[in-house]
There are 2 protein chains.
Amino acid sequence: MAAYAQGPHHRSPSVASDPVAGEGRQLILDTAARLLRQEGYAATSLRDIAAECGMKAGSLYHHFSSKDELIGEVLRIGVERVAAEVRRAVMALPPDADARTLLHIAVRTHLTVLLELHDYTSANVRIFGQVPAQVRDAHLGTRDAYERFWSALLKRCARTGGWNPRRKLGLVRLFVINALNGSLEWFADGQSTVEQLAHELTELVLDGLVAREPVAKRARPNAQR
Amino acid sequence: MAAYAQGPHHRSPSVASDPVAGEGRQLILDTAARLLRQEGYAATSLRDIAAECGMKAGSLYHHFSSKDELIGEVLRIGVERVAAEVRRAVMALPPDADARTLLHIAVRTHLTVLLELHDYTSANVRIFGQVPAQVRDAHLGTRDAYERFWSALLKRCARTGGWNPRRKLGLVRLFVINALNGSLEWFADGQSTVEQLAHELTELVLDGLVAREPVAKRARPNAQR
DNA sequence: GTCTATATTTGGATAGAC
DNA sequence: GTCTATCCAAATATAGAC
């Protein structure tokens with residue numbers, strides 16, 4: 001619901017000097033992100049977005065040259081925000097943090113931004129498979145950058161965490177990100193919290209389903225951080 | 001590419017007595033499934049489907065009362081086919097099959113149908129999040145039945161496989177199905193086979209990333225059936 | 001920066017001939 | 001069972017007034 005957006009970077013050059021410039025643009029972006037998240041790509045028309053902004057459809061073209069440009073902006077902001085949050089959370093950990101903590105924090109932060117904080121991120125996950133090929137292709141580079149961050153993170157974990165060297169980290173990354181983003185389709189407050197979800201997924205991926213001996217001896221590290 | 005479809009069950013009652021009835025209908029369904037898989041929901045028009053069938057758009061209405069009815073059929077067949085295949089593969093195993101074998105066969109069969117066999121199943125996974133709410137709601141029961149099959153399978157595995165009782169099987173099911181279906185977006189022949197994928201996912205979910213001692217001693221059960 | 005009005009396109013759906 | 005022809009609705013996009 002809240003109105004998050006990009007940071008001071010990536011602001012349109014033409015309005016960089018005006019302190020309140022982009023307010024109209026910002027409202028449009030926030031509204032578009034919310035509707036795209038709720039309704040999907042095809043069911044969100046420019047008329048709908050404009051109406052929610054208290055405007056008419058034609059007015060949007062003062063801020064964006066086409067629907068696809070607007071959608072592209074929402075997609076980009078969605079990825080860059082979650083990437084920035086996860087990166088920050090991981091970097092805030094001590095340099096010698098163990099693999100379990102690293103993975104748990106990354107998973108928890110991603111889920112928090114996706115499920116609780118950011119309409120842009122959830123809109124991205126929701127509509128990425130629905131947008132025209134041209135929009136998707138233009139956006140791929142931004143997604144790739146976040147995927148590379150995860151690759152590096154998993155590699156770091158594997159070095160320090162005593163991971164099974166037979167695991168193919170590329171597939172692990174795909175599995176984990178699919179599991180994270182897939183939660184958007186079924187997660188509902190009430191049956192479980194984001195914190196529980198993060199804990200479960202992290203333990204599943206690290207320890208697997210098969211019990212280790214002795215079962216009862218495994219501690220729950222970093223459950224609340 | 002191939003033209004799979006539903007079995008003798010679920011045939012439209014009005015044509016049940018005619019041996020070749022449904023041929024036109026079948027062609028339309030097969031074509032729709034293929035296009036929906038490739039292009040997505042919004043980008044697949046009735047004109048496109050008709051053209052690929054060598055027909056005109058209006059002719060489709062002799063076989064289906066609306067686009068949504070046609071799409072609903074494709075969705076249903078896609079789930080029922082993968083459910084039938086996975087169920088059959090699991091039932092073909094000996095009654096005392098171990099949990100690792102059960103899970104591996106179920107995962108492999110699902111991936112095979114999704115990625116190699118069945119346009120209907122991949123179309124279902126691809127467009128489920130894109131269709132109008134009305135179509136999706138009408139289809140939910142069919143999906144639920146397959147989800148319940150997985151729930152029962154995981155419960156059976158947990159009983160016989162020495163699984164960690166702290167794992168929440170409901171979440172495990174969601175994570176696994178997300179990971180399976182998510183592969184549709186990134187799987188490409190050449191970099192790895194379905195068999196390798198199934199093997200990796202099964203081992204990841206069962207054993208986790210953290211190496212067990214002694215690492216080298218773990219066998220690779222059922223790698224080639 | 002927003003409005004009204006409209007051009008243009010597209011796609012689902014229908015009617016009736018054959 | 002398929003065709004032609006057409007209707008209708010919806011959506012993107014543009015032009016020009018204010």
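So you know, we letter chains A, B, ... as the sequences are listed, proteins then strands, and number each from 1. In this text the structure is predicted, and so the values were computed from the model without any measurement.
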_Output one letter per nucleotide in nucleotides 12-18 of chain C: B when a protein non-hydrogen atom lies under 4.0 Å from the base, S when only the sugar-phosphate is that close, - when neither is._
BBB----
*Who are the side-chain contact (heavy atoms from CB on, under 4.5 Å) partners of B/Asn181, not counting sequence neighbours?*
B/His110, B/Leu114, B/Val125, B/Ile177
*Selection residues 128-139 of chain A - residue pairs positive for side chain to side chain donor-acceptor pair (under 3.5 Å), sequence neighbours left out*: A/Asn124-A/His139
*Excluding sequence neighbours, so at least two apart, what forms salt bridge (Lys or Arg N to Asp or Glu O under 4.0 Å) with B/Glu52?*
B/Arg34
*Counterpart residues, salt bridge (Lys or Arg N to Asp or Glu O under 4.0 Å), relative to B/Lys168 (two or more places apart)*: A/Glu200
Using side chain to side chain donor-acceptor pair (under 3.5 Å) as the criterion, list what pairs up with [X], not counting sequence neighbours.
X	value
B/Asp144	none
B/Arg126	none
A/Glu39	none
B/Glu147	B/Arg173

_Show me the pairs that pass salt bridge (charged side-chain N to carboxylate O under 4.0 Å, His left out) and involve residues 58-69 of chain B, at least two apart or across chains._
none
_Angle between terminal axes - the helix from C/dG1-D/dC18 to C/dC18-D/dG1, 5 pairs each end, rounded to 10°_ = 0°
*asked:* Within residues 126-137 of chain A, which residues have any heavy atom lying less than 4.0 Å from an atom of DNA chain D?
replied: none
*Compare the minimum distances between each of C/dC3, D/dC3, C/dG1 and the side chain of A/His62, then state the nucleotide with the smallest one.*
C/dG1
